[in-house]
**Student:** 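Take a look at this one; I'll ask things after.
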Amino acid sequence: MTDRQPGFSTLAIHAGAQPDPTTGARATPIYQTTSYVFDSVDHAASLFGLQAFGNIYTRITNPTNAVLEERVAALEGGTAALAVASGHAAQVLVMHALLTPGDEFVASKKLYGGSINQFNHSFKSFGWNVVWADPDDLASFERAVTPKTKAIFIESIANPGGVITDIAAIAQIARRAGVPLIVDNTLATPYLCRPIEHGADVVVHSLTKFLGGHGNSIGGIIVDGGSFNWSRERRYPMLCEPRPEYNGIVLHETFGNFAFAIACRVLGLRDLGPALSPFNAFLILTGIETLPLRMQRHCDNALAVAEWLSNHPRVAWVSYPGLPGDRYHNLAQKYVPKGAGAVFTFGLKGGYDEGVKLVSNVKLFSHLANIGDTRSLIIHPASTTHRQLSDAQKVQAGAGPDVVRLSIGIEDKADIIADLEQALAE
Ligand SMILES: Cc1ncc(COP(=O)(O)O)c(C=O)c1O
């Protein structure tokens, strides 16, 4: 590349990658190895002591994964990244670096249901306590902060309801509280929104969705924004206290503005172990090469489908922030001006039975529990993901009996609409 600052599409193809120095291979090779031969005993000692960068063991670093990490860090405008086995693993490692037992974090209550479960139940067993706040009431974040709060967690576009969160306003609340803002940017991807530019300190992704983009690999990533002053706050022992297993080094003093990514790698990934397979990293990297093209097509198709549904006589409501009348439309214009993503919900007149009939009648859409595939996907949460909840809990979670969630793919939009038309007509 030249001295010019490369654009987003160029970074999506090239960031982090070079032709393979040994073979000349142009595509990033899959380094399918568990471990790496040391040059010498001194070389091994410096790697183990964090005095030199290099590979020891694929649980901690791998050259294929390193290209993925550099690429996503470049796309998000972060200083470094750490790829892990799933989006959920990314969330565990972030909180592991920040919280000790008895600590709290504030989270938006409009989040992917799996994250709500993870925070409410599994994180409690680590002694990490979630306090919920409402993204539609910014003051509720301020009220939720206590001296035990160590982080704030939100989604840029919340799954599944098409909620756009006011990242910059919540970043200011985090600044005042002296805690980092973590943004799950899975539904937007850096093509639509770069949360670090709006004040986020850490970005996490489920790579499983639009970044990988083809419904073939589970993965997650943590991006360090490099902006948070861990030493000034002095409330984060993993970053500001000497590490006995690394000759007493203090990670923030040694690694500066990428210390958070290092802490997640050399403490969290090393000890908790959710490493990403290099084969998955290869598939996800290949997916990322076409991210800008795919995301724009996903958004354009989603807007067309949302408009069509909102004029359909059997549809009661559509919740898509790309529609001019939507309550999040203004926030969408600020945070995701190129398009409001491809995941949204709508309500069917006639409720539960109509929802079950629709998912049974579609032919092009796949009825399954995922989002962010090239293929169009559909689910009726009340009869699947949320079926164990009471009716009142379903409504509270945005999964009432009438609700259908779509993840619009990149097929021809006329075919997507025709499939919904025939399924609704049945
Ligand atoms: C917004 C969001 N965050 C995180 C996750 C968890 O990711 P993974 O399934 O890769 O663990 C998901 C999964 O659906 C998601 O939609």
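Just so you know, these numbers use all the heavy atoms, side chains as well, and skip hydrogens, waters and symmetry mates. For clarity, every value in this text was computed on a predicted model and none was experimentally measured. For this chain, numbers begin at 1 and follow the sequence in order. One-based numbering, in listed order, for ligands and for the atoms of each.
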**Student:** Glu354 and side chain to side chain donor-acceptor pair (under 3.5 Å): which single residue from His380, Arg314, Lys349 fits?
**Tutor:**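 The option that passes is Arg314.
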**Student:** Can you check whether Ser115 has an N/O within less than 3.5 Å of an N/O in ligand 1?
**Tutor:**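 No; the residue has no nitrogen or oxygen that sits under 3.5 Å from a nitrogen or oxygen of the ligand.
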**Student:** With a 4.0 Å cut-off on N to O distance, would you call Arg26 and Asp20 a salt bridge?
**Tutor:**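 Salt bridge between Arg26 and Asp20, a charged N being under 4.0 Å from a carboxylate O: no.
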**Student:** Please list, in number order, the atoms of ligand 1 under 4.0 Å from a heavy atom of Gly219.
**Tutor:**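 Those of ligand 1 that fall under 4.0 Å from Gly219 are 10 (O).
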**Student:** Check the pair Phe255 / Leu50 against side chain to side chain contact (heavy atoms under 4.5 Å, CB included), numbers first and verdict last.
**Tutor:** CA-CA 10 Å; Phe255 296 105; Leu50 297 185; 4.2 Å; yes
**Student:** Are Asp134 and Arg143 ion-paired here, with the side-chain N under 4.0 Å from a carboxylate O?
**Tutor:**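 Answer for the salt bridge query: no.
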**Student:** Among Ser206, Ser407, Gly114, which one has a heavy atom closest to atom 7 (O) of ligand 1?
**Tutor:**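 Looking at heavy atoms only, the winner is Ser206.
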**Student:** Is it the case that ligand 1 has an N or O less than 3.5 angstrom from some N or O of Thr208?
**Tutor:**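 It does: an N or O of Thr208 is found under 3.5 Å from an N or O of ligand 1.
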**Student:** Taking only non-hydrogen atoms of Gly372, do any sit less than 4.0 angstrom from ligand 1?
**Tutor:**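 False for this residue.
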**Student:** Is the ring centre of Tyr246 less than 6.0 Å from the ring centre of Phe48?
**Tutor:**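 No, the ring of Tyr246 stays outside the 6.0 Å limit from the ring of Phe48, centre to centre.
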**Student:** Got the closest protein heavy atom to atom 11 (O) of ligand 1, with its distance?
**Tutor:**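 Among all protein heavy atoms, the one nearest atom 11 (O) of ligand 1 is His88 N, 2.9 Å.
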**Student:** Tell me whether ligand 1 is touched by Lys209 - counting only heavy atoms on the residue side and a distance under 4.0 Å.
**Tutor:**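 Right, Lys209 reaches ligand 1.
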**Student:** Among Ile157, Asn159, Val204, Asp184, whose heavy atom sits nearest atom 2 (C) of ligand 1?
**Tutor:**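 Ranked by closest heavy atom to atom 2 (C) of ligand 1, first place is Asp184.
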**Student:** Is the closest basic N to carboxylate O distance between Asp419 and Lys363 below 4.0 Å?
**Tutor:**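 Salt bridge between Asp419 and Lys363, a charged N being under 4.0 Å from a carboxylate O: no.
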**Student:** With only distance considered, is Gly87 within less than 3.5 Å of ligand 1 through an N or O on each side?
**Tutor:**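 By distance alone, the answer is yes.
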**Student:** Examine distances only and state if a side-chain atom of Thr165 and a backbone atom of Glu155 form a donor-acceptor pair shorter than 3.5 Å.
**Tutor:**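 Yes, because the side chain of Thr165 sits within donor-acceptor range (under 3.5 Å) of the backbone of Glu155.
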